[in-house]
Every structure is written in C-alpha cells, then in structure tokens.
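Structure, as structure tokens:
In what follows, residues are counted from 1 in the order of the sequence shown. Note that ligands are numbered from 1 as they come in the structure, with each ligand's atoms numbered from 1 the same way.
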Amino acid sequence: MKTRSILLNERPKGLPTESTFKFTEEELPELQDGQVLLKAFYISVDPYMRGRMSDAKSYVPPYKLHEPIMGGIVAEVTESRNSKLPKGSVVLGNLPWQTYSISDGRGLTPVDPNIAPLSYYLGILGMPGLTAYCGLLFIGDPKPGETVVVSGAAGAVGTVVGQIAKIKGCRVIGIAGSDDKINYLKEELGFDEAINYKSTSDMRGALSAACPDGVDVYFDNVGGEISDAVYSLLNNFARIAVCGQISLYNATSQPMGPRVEPILLKTKSLMKGFIVSDYADRFGEAAAGLAGWIQEGKLKYEETIAEGFDQLPHAFLGLFSGENIGKQLVKVAGYSGS
Ligand SMILES: NC(=O)c1ccc[n+]([C@@H]2O[C@H](COP(=O)([O-])OP(=O)(O)OC[C@H]3O[C@@H](n4cnc5c(N)ncnc54)[C@H](OP(=O)(O)O)[C@@H]3O)[C@@H](O)[C@H]2O)c1
C-alpha cells in the first residue's frame with residue numbers, strides 16, 4: 001500500500017511558507033500483529049501546530065524535522081490485525097499527515113458516524129469545542145447580564161465561545177478580521193456587536209462603544225494589540241481566559257505592550273492561561289453539554305473544508321490570514337456512511 005505524507009521540511013522563521021512542507025510518497029510495510037491500517041478522511045489544521053514547528057520548549061514536544069506533521073485526524077480502519085479495532089471502525093487520533101498510516105491502536109478513540117458528521121469530531125465535538133466550553137465556563141464563569149468579549153470570534157473556538165455566552169444570557173461582542181465575518185457573527189450567530197479589527201483604526205473606542213457597561217469576561221484567542229484594547233475596559237472582578245495568542249505565533253522578536261498588571265490589580269481581575277487537556281476530567285460533561293445544545297438548535301456550527309490532501313499546507317497557512325470561518329479542515333477522502 002502506497003501512502004502520501006507531508007513532512008516538516010524546515011523550521012520556519014516567522015510565517016511558515018509552502019517550503020516549510022515537503023510531500024513524499026512511500027510504500028507502507030505489512031501490518032504486524034496488533035496493528036491497523038488507517039485511511040484518513042478529515043485532517044484538522046490548528047494554530048497550535050505553528051508552535052510545534054519551532055524547537056522552543058512548550059507544553060507539547062516539537063515536530064521532528066523531515067518526519068510527518070502530526071495532528072487530529074478522523075480515519076477508517078481499512079485492514080486490521082487488532083481485535084479491538086475491526087475493519088470498518090472509524091477512529092479519531094493524533095496521527096501523521098498521511099493518506100494512509102499504520103497504528104498500533106494506542107490513543108485512537110472510536111467515533112460513531114451515526115451520532116454526528118465525522119468532521120464534527122475535529123471541531124465542535126472535538127478539541128476546539130471542548131476548549132471553548134471549558135475555557136469560557138470554568139475560567140470565564142459568565143453570569144447573565146454580563147459583557148463577554150471574544151477575540152478570534154469567527155474561528156473554530158470563538159464561534160462556540162460567543163454562542164455559549166449568549167446561551168448563558170450575556171451581552172456578547174466578537175472581534176474578527178473581515179466584514180463577512182462580522183455580518184456572520186451578528187446575523188447568523190446572534191452576537192450583540194462585532195468589530196472588524198482590520199478596518200477599525202481605534203479599537204479601544206470601538207470596544208468602548210460596544211461595551212457601555214465595561215467587560216466582565218474576555219476570552220482571548222489572539223493576544224497583542226487587540227487584547228491591549230480590551231484590558232483597558234475591564235470591570236472589577238473580570239475574568240480573562242487566555243486561550244490563544246495567534247497574533248504572536250509568528251513573531252520573530254519579543255513583542256512589547258502596555259503592562260497589564262496594574263489593570264489586573266486595580267480591577268481585582270483573574271487572568272488565567274489554560275490548555276484544554278487541563279480539563280480532561282470534565283470532557284464528558286462538556287461533550288454532553290455541546291451535543292445537547294446542538295440537538296436543541298441553540299448552537300450553530302460552521303466549517304471551512306478544503307478538498308484534497310494537497311491542500312493541507314495552504315489550509316494551515318490560511319489560519320494566519322483568516323481565510324476560514326468556523327473550523328478549518330481538509331477532506332482527504334469521502335466516507336460512504338457519512
Ligand atoms: N488553549 C488551548 O488549549 C487551545 C485549544 C485550541 C485552540 N487554541 C487557540 O485558540 C485560538 C483559536 O484557535 P482556532 O482553532 O479556533 O483557530 P481559528 O480561530 O479557527 O483560526 C485562526 C483565526 O485567527 C485569526 N487570526 C490570524 N492571525 C491573526 C492576528 N494576527 N490577529 C488577530 N487574529 C488573527 C484569523 O481570523 P481573523 O480573520 O479574525 O483574523 C483566523 O481565522 C488560537 O490562538 C489557538 O492557538 C488554544
């Protein structure tokens with residue numbers, strides 16, 4: 001069986017480019033006892049992967065040079081020598097960017113194609129959805145009537161954060177990078193206000209107008225100057241969930257900004273960074289909550305799906321120019337049952 005792979009070709013300095021990636025093709029070996037052959041259906045591209053392309057110390061080890069990039073993939077078992085994963089099972093795993101791969105089954109989670117579309121397991125019912133739920137509810141702790149601001153609002157995490165905040169009875173303001181996204185947030189998802197940071201010259205003024213009662217919860221997906229503008233509007237006892245800092249992931253020098261500590265002190269605010277896996281013991285509750293709201297029609301879900309394995313580098317790079325609305329995925333092969 002031949003497989004196509006995408007390897008990390010070089011460690012990017014600044015924004016990755018097409019030459020960060022290298023396509024190869026090779027013959028896979030015969031399956032050993034305990035192994036399965038996996039055919040990839042959907043491959044997730046996520047901003048955190050940028051961090052793994054560098055060799056700086058982080059909460060996950062860096063990708064190895066000249067080895068396949070790894071990430072969230074939904075795949076089908078097409079051959080099996082593992083009795084726990086029979087042929088035809090569909091699984092979710094952290095797998096190599098390959099059209100076909102071999103696994104010993106460890107770390108694979110079976111998923112049920114009859115419960116939800118397979119792509120949802122990489123989005124709203126997967127890591128991004130759990131991140132939104134846990135970060136907003138367990139750190140942000142939004143109360144009815146409070147003002148919640150979310151940056152990166154039109155992405156995989158942000159769209160879910162804003163909608164949960166609306167379900168909790170909050171006034172919700174989203175920040176995103178195009179007029180289409182702003183319209184989508186307000187018209188489709190019911191955000192109270194949304195601000196296009198790319199066309200707004202005075203972010204603090206725009207936020208101040210959108211948040212007449214100040215900001216009680218800030219769910220930060222982007223960091224940098226957008227966050228600086230939000231901090232100046234924090235209310236007493238505000239909560240800031242630091243989820244992502246995408247505006248800084250490609251920085252080549254140490255970014256400078258106003259110091260936030262005096263604001264945190266004066267407003268007695270809580271600012272907490274988190275990684276979704278910190279809340280693994282609450283994923284059951286979170287997944288049930290998300291699934292329930294989807295079934296009740298309270299939580300809408302958007303995906304941007306690129307077609308074909310060749311599109312992976314482009315889809316990943318598009319995260320940094322904001323090409324996606326909702327969760328960005330790449331569909332590598334079709335699943336006849338979904
Ligand atoms: N802590 C955790 O466990 C955890 C888990 C998942 C994700 N995250 C983080 O959460 C954030 C969102 O992740 P996601 O998967 O939902 O991605 P996403 O929002 O679906 O995609 C990234 C979005 O970021 C925006 N963006 C890119 N460069 C930007 C910049 N310089 N300034 C402001 N916005 C920029 C773009 O939208 P615009 O058009 O609006 O610019 C783009 O669509 C990321 O920072 C990610 O690393 C953290």
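The N/O atoms of Met127, backbone and side chain alike, include none that comes under 3.5 Å of an N/O atom in ligand 1. Backbone and side-chain nitrogen or oxygen atoms of Tyr197 are examined, and one is located within less than 3.5 angstrom of a nitrogen or oxygen of ligand 1. Between Ser247 and ligand 1, not a single N/O pair is under 3.5 Å apart. Among the atoms of Ile175, none of the N or O lies under 3.5 angstrom from an N or O of ligand 1. Ligand 1 has no N or O atom lying under 3.5 Å from any N or O atom of Ser178, backbone or side chain. Residue Gly244 has no N or O atom closer than 3.5 Å to an N or O atom of ligand 1. Not one N or O of Pro47 is nearer than 3.5 Å to an N or O of ligand 1, by distance alone.
Listed by atom number, the atoms of ligand 1 under 4.0 Å from Ala176 heavy atoms are 40 (O). The ligand atoms of ligand 1 that sit less than 4.0 angstrom from a heavy atom of Gly322 are 36 (C), 37 (O), 39 (O), 42 (C), 43 (O). Close approach to Val276 involves these atoms of ligand 1, each under 4.0 Å from a residue heavy atom: 2 (C), 3 (O). Close approach of ligand 1 to Gly326 is summarised as follows: ligand atoms under 4.0 Å from at least one heavy atom of the residue are 20 (O). Within ligand 1, the atoms closer than 4.0 Å to a non-hydrogen atom of Gly177 are 38 (P), 39 (O), 40 (O), numbered from 1 in the order shown. Of all atoms in ligand 1, numbered sequentially from 1 with element shown, those under 4.0 Å from a heavy atom of Gln245 are 45 (O).
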**Item:** Tyr48 and Tyr249: CA distance, side-chain angles, deciding distance, side chain to side chain contact (heavy atoms under 4.5 Å, CB included) verdict
**Value:** CA-CA 9 Å; Tyr48 79 87; Tyr249 291 172; 5.8 Å; no
**Prompt:** Going through the distances and angles, do Ile73 and Leu92 end up as a side chain to side chain contact (heavy atoms under 4.5 Å, CB included)?
**Reply:** CA-CA 6 Å; Ile73 295 184; Leu92 169 70; over 6 Å; no
**Request:** Just do the side chain to side chain contact (heavy atoms under 4.5 Å, CB included) check on Leu8 and Thr20 with the steps written out, would you?
**Result:** CA-CA 6 Å; Leu8 180 66; Thr20 305; 3.7 Å; yes
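The CG atom of Asp104 lies 11.5 Å from the CG atom of Leu31; values are rounded to the nearest 0.5 Å. Here the OG1 atom belonging to Thr131 is positioned 7.0 Å from the CZ atom belonging to Phe219, to the nearest 0.5 angstrom. To the nearest 0.5 angstrom, Ile182 atom CD1 is 5.0 Å from Asn196 atom CG.
Counting heavy atoms closer than 4.0 Å to ligand 1, residue Asn221 contributes atoms from both its backbone and its side chain. Only the side chain of Lys181 comes within 4.0 Å of ligand 1, judged by heavy-atom distances. Heavy atoms of Pro128 found under 4.0 angstrom from ligand 1: none, in either backbone or side chain.
Checking Ala251, Ala154, Ala156 against atom 20 (O) of ligand 1, the nearest heavy atom belongs to Ala156. The option with the heavy atom closest to atom 27 (C) of ligand 1, from among Leu319, Asn324, Asn196, Val160, is Leu319.
Closest to atom 16 (O) of ligand 1, if we only count protein heavy atoms, is Val157 N, 2.8 Å. In terms of protein heavy-atom proximity, atom 5 (C) of ligand 1 is closest to Thr131 OG1, 3.3 Å. Protein heavy atom closest to atom 19 (O) of ligand 1, with residue, atom name and distance, is Gly155 CA, 3.2 Å. Looking only at heavy atoms of the protein, atom 48 (C) of ligand 1 is closest to Cys243 O, 3.0 Å. Looking only at heavy atoms of the protein, atom 47 (O) of ligand 1 is closest to Tyr249 OH, 2.7 Å. Of all protein heavy atoms, the one closest to atom 26 (N) of ligand 1 is Ile246 CG2, 3.7 Å. The protein heavy atom nearest to atom 28 (N) of ligand 1 is Phe320 O, 3.5 Å.
Of the N and O atoms on the side chains of Ser44 and Asp46, at least one donor lies less than 3.5 Å from an acceptor on the other residue. Side-chain contact, Thr3 with Glu26: no donor N or O sits under 3.5 Å from an acceptor N or O. Using modelled atom types, one finds no donor on one side chain facing an acceptor on the other under 3.5 Å when comparing Tyr231 with Ser269. Using modelled atom types, one finds no donor on one side chain facing an acceptor on the other under 3.5 Å when comparing Asn236 with Thr267.
Using 4.0 Å as the threshold, Ser321 has no heavy atom nearer than that to any atom of ligand 1. Residue contacts with ligand 1 leave out Gln328, since none of its heavy atoms falls under 4.0 Å from the ligand.
In this structure, Arg50 is not positioned above the aromatic face of Phe320 in the sense of NZ or CZ being under 6.0 Å from the six-membered ring centre and within 45° of the axis.
Under the 4.0 Å criterion applied to side-chain N and carboxylate O atoms, Arg204 and Asp228 are not assigned as salt-bridge partners. A salt bridge does not link Lys327 to Glu303: none of the charged nitrogens lies less than 4.0 Å from a carboxylate oxygen. In this structure, Asp310 pairs ionically with Arg4, as a charged nitrogen and a carboxylate oxygen lie closer than 4.0 Å. A salt bridge between Arg239 and Glu146 is present, with a side-chain N of the basic residue lying under 4.0 Å from a carboxylate O of the acidic one.
The number of heavy-atom neighbours closer than 6.0 Å to NZ of Lys298, taken from other residues, nucleotides and ligands shown, is 12 or below.
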